[in-house]
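Since the model is a prediction, treat every value here as computed from it, not as a measurement. Chain A is the first sequence line, chain B the second, and so forth, proteins listed ahead of strands; every chain is numbered from 1.
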2 protein chains.
Amino acid sequence: MTATILVVEDELAIQELIALNLKKAGHLVLCAETAEQAVKMSNSVLPDLVLLDWMLPDMSGLEFARKLRREERTKDIPIIMLTARTQESDKISGLDAGADDYITKPFSPRELLARIKAVLRRRLPEMSDEVIEIGGLKLDPVTHRVYAQANDNNIKPEKLLLGPTEFRLLHFLMTYAERVHSRTQLLNRIWGDHVFIEDRTVDVHIRRLRKSLESVGKEHLVQTVRGTGYRFSVEKSEESVE
Amino acid sequence: MTATILVVEDELAIQELIALNLKKAGHLVLCAETAEQAVKMSNSVLPDLVLLDWMLPDMSGLEFARKLRREERTKDIPIIMLTARTQESDKISGLDAGADDYITKPFSPRELLARIKAVLRRRLPEMSDEVIEIGGLKLDPVTHRVYAQANDNNIKPEKLLLGPTEFRLLHFLMTYAERVHSRTQLLNRIWGDHVFIEDRTVDVHIRRLRKSLESVGKEHLVQTVRGTGYRFSVEKSEESVE
DNA sequence: ATAATGCGTTACATATTTATGACGGTATGA
DNA sequence: TCATACCGTCATAAATATGTAACGCATTAT
């Protein structure tokens, strides 16, 4: 549940307060007072979510939201609007601009965190800390552990040891199970978007992940789709008969 | 859960009503009509939680809340704000200066109690005075002592000597056993939010904690999760099956 | 069939992250 | 006031994770 959150708010008292609460919840917080700052900031570090004040000195929050939505790199970032008003019309146009949710001031930190969690779960499921269980594998983001249910049904689940990258990789693949991801997609989502890394590196990490899975006989879950990429799938791919 | 609650409310009828309900729920209640009174009161008896009316005759609730947050002794006290529904919400500039929650009047006693309970549990779960016992370790918040049950079953439990920080660290980790915490999270929750302390310092305290645990052969309970943080866990993080 | 492409696998140098012991400063208490 | 306990930081060692290149096999295209 640790996300990078960009807070765009001109009232410093509020900004600080929000930042405080977000940090305490374990998020990484970036702050900006103006849309201009926010743009710069999001250019260097791509946030996972943007908390956006409705009224900003230089550009309206609405406008900034549109800008985010227009650009390829940022168009998928969830946005939560902060507004002091309660008028229905604001709600409409805020959501229109592509905001995922909006909160009217004043709001409690609890409400804020709840909304953030909800939005993240909706837009970036791999960031929510829910346990994922597929194909006899159980991955728990909170305890950071992966268990494999023994194939020969019965008996204790075995614990799986993974390096940091392999853990994220598996988490991502399991979150979007059955879907094929190109190496580039995996690099962007798991390594980050600014990195310059060889596509082939993904192969190696897939290899390492598989090796760990082999120790519990689950290597068939990570499948290669030739010419396309990789996939986590419960169904066996090709080789049927043995 | 018995807590000392300071109620700051100038309308006596409401104050009394609240006090009545809180007492009935087993809390110890302090009442103040003005911020000035409230300050005096909190100087003599440190409350566990403050119920604060938004509008006060001498000082705004907002200001009082800030004052509480500023001072070392009171900065961690949870605050719940009371606001009248009739007040224009956009006059309330932003979050309640660090309020943990807020309730709009009129509210039901049941709602009030529920929020109080939630805030207390959320804000200081590791402050509840319950003895925690996991993995052969027994930590008693009241006596501020930690005992280790000897591994080679039966024989007297050994007492464990810990510094203040190590005690809080262990208390926190045991409270949220099995969960992984990043260094930043640990700093925020155990040291406090405003602190400017190196992440690496956590390592050192973990080291000191482990050293103490070694003396009773329990050091395996505090585990490193590379790239993420630390965890208190009963399960060994090493290999599982052979 | 042969070439071209894609993938799996391994080895390895490098980078990153943790562990640890030492040090100076501060608070605490006798 | 002196002694002790604690704390935060640093330097260095140790551990382990990471990205690449290289090579060989498998699959696909020509």
Side-chain angles (χ1 to χ4, degrees), chain A residues 2 144 146 160-173 180-188 190-215 219-231 237-239, chain B residues 72-73 144-146 159-173 180-188 190-215 219-232 237-239:
Chain A
T2 280
H144 219 267
V146 182
L160 210 48
L161 295 181
L162 299 174
T165 302
E166 283 72 54
F167 184 88
R168 289 201 304 270
L169 181 55
L170 179 61
H171 190 182
F172 182 83
L173 290 176
V180 186
H181 310 274
S182 72
R183 291 170 176 71
T184 304
Q185 284 173 327
L186 291 173
L187 282 175
N188 284 334
I190 298 173
W191 274 257
D193 63 334
H194 274 345
V195 290
F196 141 72
I197 291 181
E198 294 288 324
D199 269 17
R200 307 306 319 291
T201 296
V202 175
D203 297 25
V204 178
H205 283 278
I206 287 283
R207 163 66 182 141
R208 288 169 181 154
L209 174 55
R210 279 177 175 154
K211 198 178 271 181
S212 293
L213 290 173
E214 275 171 22
S215 70
E219 67 280 9
H220 59 277
L221 292 170
V222 174
Q223 303 170 357
T224 302
V225 180
R226 198 186 164 83
T228 310
Y230 296 97
R231 162 179 68 190
S237 49
E238 289 294 306
E239 23 70 36
Chain B
E72 180 62 27
R73 210 175 68 97
H144 224 260
R145 284 203 172 110
V146 182
K159 193 176 347 177
L160 208 47
L161 294 182
L162 298 175
T165 302
E166 282 72 52
F167 183 86
R168 289 202 307 272
L169 181 55
L170 180 60
H171 190 183
F172 182 83
L173 289 176
V180 185
H181 309 274
S182 71
R183 291 171 176 72
T184 303
Q185 283 174 326
L186 291 173
L187 280 176
N188 285 335
I190 298 173
W191 274 258
D193 336 64
H194 61 304
V195 291
F196 74 112
I197 290 183
E198 294 288 323
D199 269 17
R200 291 281 135 224
T201 297
V202 175
D203 297 26
V204 178
H205 283 277
I206 286 283
R207 163 68 181 138
R208 287 167 181 159
L209 174 56
R210 277 177 175 154
K211 199 176 267 181
S212 294
L213 290 173
E214 273 171 23
S215 69
E219 68 279 8
H220 59 276
L221 292 171
V222 175
Q223 303 171 356
T224 302
V225 180
R226 198 162 234 273
T228 307
Y230 296 99
R231 157 179 73 193
F232 183 100
S237 79
E238 309 261 316
E239 285 303 317

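- The CG-C1' distance, from D203(B) to dA15(D), rounds to 13 Å in whole Å.
- For the pair E219(A) CD and dT9(C) P, the computed distance is 10 Å after rounding to whole Å.
- Here T224(A) does not reach the OP1 or OP2 of dG6(C): none of its side-chain N or O atoms lies under 4.0 Å away.
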Checklist entry - Given R200(B) and V204(B), is the side chain to side chain contact (heavy atoms under 4.5 Å, CB included) satisfied, shown in steps? => result CA-CA 7 Å; R200(B) 291 281 135 224; V204(B) 178; over 6 Å; no

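- Between T165(B) and dC7(D), a side-chain N or O to OP1/OP2 separation shorter than 4.0 Å is present.
- One can place CD of E198(B) at 11 Å from P of dA11(D), the figure rounded to the nearest angstrom.
- One atom, CG of L161(A), and another, P of dT16(D), lie 11 Å apart when rounded to the nearest Å.
- Put simply, CG on D199(B) is 13 Å from P on dC10(D), counting in whole angstrom units.
- Nearest nucleotide to the W191(B) side chain, out of dT18(C), dC7(C), dG8(D): dG8(D).
- Two residues are said to be in side-chain contact when any heavy atoms from C-beta on lie closer than 4.5 Å; S212(A) and L161(A) fail this criterion.
- The closest donor-acceptor contact from the side chain of R210(B) to the backbone of V222(B) lies under 3.5 Å.
- Looking at Q223(B), H181(B), R183(B) one by one, the single match for side chain to side chain donor-acceptor pair (under 3.5 Å) with Y230(B) turns out to be R183(B).
- Distance Q223(B) CD to dA19(C) C1': 16 Å, rounded to the nearest Å.
- The phosphate of dC7(D) has neither OP1 nor OP2 within less than 4.0 Å of any side-chain N or O from T201(B).
- Residue-level contact check: F196(A) touches the backbone only, with heavy atoms under 4.0 Å from sugar-phosphate atoms and none from bases.
- For the pair L209(B)/T165(B), no side-chain contact is recorded, criterion being any heavy-atom separation below 4.5 Å from C-beta on.
- Against DNA chain D, the stretch residues 207-214 of chain A makes heavy-atom approaches under 4.0 Å through R208(A).
- Taking every side-chain heavy atom of I197(B) into account, dT9(D) is the closest of dT20(D), dA19(C), dT9(D).
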Checklist entry - If the sugar-phosphate is the primed atoms plus P, OP1 and OP2 and the base is the rest, what is the B/S/- string for nucleotides 22-30 of chain D, using protein heavy atoms under 4.0 Å? => result -----BS--

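- Contact detail for V180(A) and Q185(A): the closest heavy-atom pair is O-OE1, 4.0 Å.
- For Y230(A), no side-chain nitrogen or oxygen approaches OP1 or OP2 of dG6(C) to under 4.0 Å.
- Rounded to a whole Å, the CD atom of E166(B) is 11 Å from the C1' atom of dA5(D).
- Following rounding to the nearest Å, L186(B) (CG) and dC7(D) (P) show an atom-to-atom distance of 15 Å.
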